[in-house]
Amino acid sequence: MQRAKILVACQDRSARQRLAETFRFRYQTVAVDDGWLALHLVNTTAFEAMVIAERLDSLSGLDVAVSVRESGRNAHVPIMLVARAITPVIREMIERGVVDRCVAEGVETGAFLFEFNSMCGERAERAWAALDADVSRVLGTARRTYSHVFAASTADVPFDAKLLDEVARQLVGAIVDGRISAVMQALQGHDDYTFVHSLSVAAVLAFFGRQIGIREGDLCLMAQAGFAHDFGKRVMPHAVLYKPGPLDTAQMVVIRRHAAAAGQILRCSPGIPAEVINVAERHHERLDGTGYPNGLVGAQIDDLSAVAAIGDVFSALVDNRCYKPGYAPEEALRMLGDMAGPHLEPNYVKTFTQVMHDTGFASWVAPPREA
Ligand SMILES: [Fe+2]
Ligand SMILES: [Fe+2]
């Protein structure tokens, strides 16, 4: 499968290269510095999204955007404008839907990616309307809940626990009635990594639970725990959360705070089960005490948190991130096996690997890969 193409029209050569690098595992970047050349490509090539600088050779970025909206195959493609400042003219262009988003020139990459991903995510969400009604409902409920939780940026703002319960019920319903593969496949088209990862982990845990005979009420608990495990990321700065590369030591310290922050968010939200809070706080703990935030050892880590750690690592391995391509499902399962023992509970890893392998579920969680 070919990666979808994005058009980057920008005069600054190093900015073009930086964007191509940033997108390399998710999109194929077609980069130009000239407005007319951009328009030629718009008329000959299908794009998934466009990043257009206001200042271009021969034709302004706004002129290009207006022409895109009048083009055939690319008329509805999301457009992000990169401008010196958001002027009244640009604001009007956004209101008219000519441009979807505008960011300032020189914006830090994490903030840029946050805006770009939410712009493309909205496009994916519109496409859900055409899916089977039950599949579309699960995805819509999950997205609304995630947006509700992430609308705040501190750990002391509660959220409505009933929404989390509803996500879990619908997700378990999709597992029971056999629609979960369609849910997972549609989910892979979304660009918000933390959202995709959260719902993937929820599905992985509940699916695994069902395969090993856990009763339906507890499957909902597993799905809730999976969906909420990274809610603490709402307090993370975008520069860290969306950094297109490995984190440095100081950034690692910051990102590791998400486990404790998730605990705080869940504790201040009335009606969240204790098991769900445990998973949020402990999914990065490791059997040998090398995990965080508390360096718990062996039996100090409860069973659900130990299983959640496996689902979390598996989902992270198969996902494309801006700094790494996703591993093939079978490779990810093999790597999971290597982590059994010192880090992950070996018996659970063995059963998990068997279930994911035998049911084919592993491939549903993985994003499409290039042939
Ligand atoms: Fe996490
Ligand atoms: Fe996670």
Side-chain angles (χ1 to χ4, degrees), residues 117 142-143 145-146 149-150 153 155 164 167-168 171 184 187-188 190-209 221-238 240-243 246-247 251-267 272 275-287 290-296 301-302 304-324 326-327 329 332-333 335-336 339 343-345 348-349 352 356 362 365-367:
N117 289 348
R143 184 60 187 168
T145 301
Y146 178 87
V149 174
F150 278 73
S153 57
L164 180 62
V167 173
L171 194 65
M184 289 296 101
L187 179 66
Q188 301 309 325
H190 204 286
D191 286 71
D192 183 334
Y193 168 73
T194 308
F195 168 66
V196 172
H197 171 69
S198 300
L199 194 54
S200 295
V201 174
V204 162
L205 295 189
F207 183 86
F208 173 68
L221 204 58
M222 295 178 89
Q224 283 193 46
F227 195 63
H229 81 284
D230 273 341
F231 277 2
K233 287 188 175 169
R234 88 172 183 197
V235 308
M236 296 294 114
H238 291 157
V240 175
L241 198 53
Y242 294 92
K243 183 180 174 186
L247 301 179
Q251 290 164 334
M252 284 300 290
V253 170
V254 171
I255 202 83
R256 287 178 169 208
R257 291 191 193 128
H258 81 276
Q264 261 181 286
I265 294 166
L266 294 165
R267 282 177 200 284
I272 301 292
E275 295 91 335
V276 174
I277 300 174
N278 285 342
V279 168
E281 291 178 331
R282 298 175 184 169
H283 67 277
H284 288 290
E285 300 288 0
R286 296 293 179 255
L287 291 182
T290 57
Y292 64 89
N294 294 316
L296 300 182
I301 306 169
D302 63 284
L304 184 51
S305 296
V307 172
I310 295 168
D312 182 41
V313 170
F314 176 69
S315 167
L317 286 171
V318 296
D319 277 332
N320 285 329
R321 298 295 307 268
C322 46
Y323 57 87
K324 71 149 186 79
Y327 292 98
L333 290 175
M335 292 167 80
L336 212 53
M339 296 171 74
H343 288 166
L344 303 173
E345 210 291 321
Y348 291 149
V349 169
F352 181 89
M356 292 293 127
V365 190

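In each ligand, atom 1 is the first atom listed, and ligand 1 is the first ligand listed. Throughout, numbering of the chain's residues begins at 1 and tracks the sequence.
Ring pair His197/Tyr193 is parallel by interplanar angle, where below 30° counts as parallel and above 60° as perpendicular.
Annotation: protein N, O or S atoms under 2.8 Å of the Fe ion (ligand 2) (waters excluded) comprise His197 NE2, His229 NE2, Asp230 OD2, Asp312 OD1.
Remark: the backbone N or O of Thr194 is paired with a side-chain donor or acceptor of Ser198 at under 3.5 angstrom.
Here the shortest heavy-atom pairing between Leu205 and Ala308 reads CD2-CA, 3.8 Å. Considering all non-hydrogen atoms of both residues, Arg267 and Glu281 come closest at NH2-OE1, 2.8 Å.
For the atom pair CD1 (Ile277) and CZ (Phe231), the distance works out to 12.0 Å, reported to the nearest 0.5 Å.
By the side-chain contact (heavy atoms from CB on, under 4.5 Å) test, Arg286 is found to be paired with His284, Asp288, Thr290, Ala309, Val313, His343, Leu344, residues two or more places apart in sequence or in another chain being considered.
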